[in-house]
Each structure stands twice: as C-alpha cells, then as structure tokens.
Amino acid sequence: MARRQLIDGIRFRARTGVSRRDVPQQYGPWGRVYDLFRRWQRDGTWHRIFTELQARPDADDLITWDLSVDSTVVRTHQHAAGARKGGLQREPPGGVAVEPADHGLGCRSARCVSAGPVLDAQAGARPGDR
C-alpha cells in the first residue's frame, strides 16, 4: 500500500467529513489511514505542512487574517463535560501540541456569554438584526 493512498484517504475524510470508519477501501484500511493521520498530528507534521503552505501567500499579503467573534451560547447538562472517569486522558483530543494562549477567547463555563452582543451593540446593531 502506497503512502499516497493513505494521504488521499485523509484528504477524502477532511473534504467529506465522513467517519473514519467510512473511508472507502480504495484508500486502504481505515485503521491505517487514521494511524497515519494521528502519527502526523502527534509529531507535528501537519503543523509543519500548513505553516509551509501559508508562508509564501502570507509573505505576499495574499492572506487576510481577520478576527471572528462568535456570540453563540451553548448550554449543556452538568454531566456532559466529557471527562473520563478515573483520571486524565492519555493525550488531548487535538494531539500533544499545546494551544497558544492567544488562539481563542474560550469559555469553560456551562453558562458562557461571549463578547458578541457587546460588539454588536457598539456597532449599532439591534437584537434580531442577524
């Protein structure tokens, strides 16, 4: 099995959003596709690929870096926090890389209100304009 097939399987999954078990057999066994994806995620290969792909367009000012503020409020049941019983996870869901502090505003509360309504009010928007 060629590594190219596995990479195409990863691309297929990212493009279509299918479950990892639903990757077509033409890309190889789904377990091998997923193993390659996770291995590259753990060792930083994906990060290096995306950094390299962004470098030239960013240097040529072809990428506009905008800030997006989401004003969505999500309420969950108190037992829906997703923590495993008996201790911490072996590794975070996104891999072992530490997320920089400036990558998101985030709110870890069950009742979270973001800055969206404040920014809307400052821009002169009325509730229900969206």
4.5 Å side-chain heavy-atom contact, [X] and [Y]:
| X | Y | answer |
| --- | --- | --- |
| Y27 | I7 | no |
| I63 | Q54 | yes |
| L36 | R39 | yes |
| W40 | I49 | yes |

Regarding D8 and R11, does a basic nitrogen lie under 4.0 Å from an acidic carboxylate oxygen?
yes

Of all the heavy-atom pairs spanning R32 and L6, show the shortest one and how long it is.
CB-CD2, 3.8 Å

Determine yes or no for a side-chain-to-main-chain donor-acceptor pair under 3.5 angstrom, with [X] supplying the side chain and [Y] the backbone.
| X | Y | value |
| --- | --- | --- |
| R20 | Y34 | no |
| Q41 | W46 | no |
| D43 | T45 | yes |

Quick one: do the R48 and T51 side chains pair a donor with an acceptor below 3.5 Å?
no

Less than 3.5 Å apart, any donor N or O on the side chain of D22 or W30 sitting next to an acceptor on the other?
no

Identify whether L62 and F50 are in the same connected component of the hydrophobic contact network (ILVMFWY, side-chain heavy atoms under 4.5 Å).
no

Count the heavy atoms of every other residue, nucleotide or ligand shown that sit under 6.0 Å from CZ of R3, and state whether that count exceeds 12.
no

Distance from Q25 atom CD to Q5 atom CD, nearest 0.5 Å?
9.5 Å

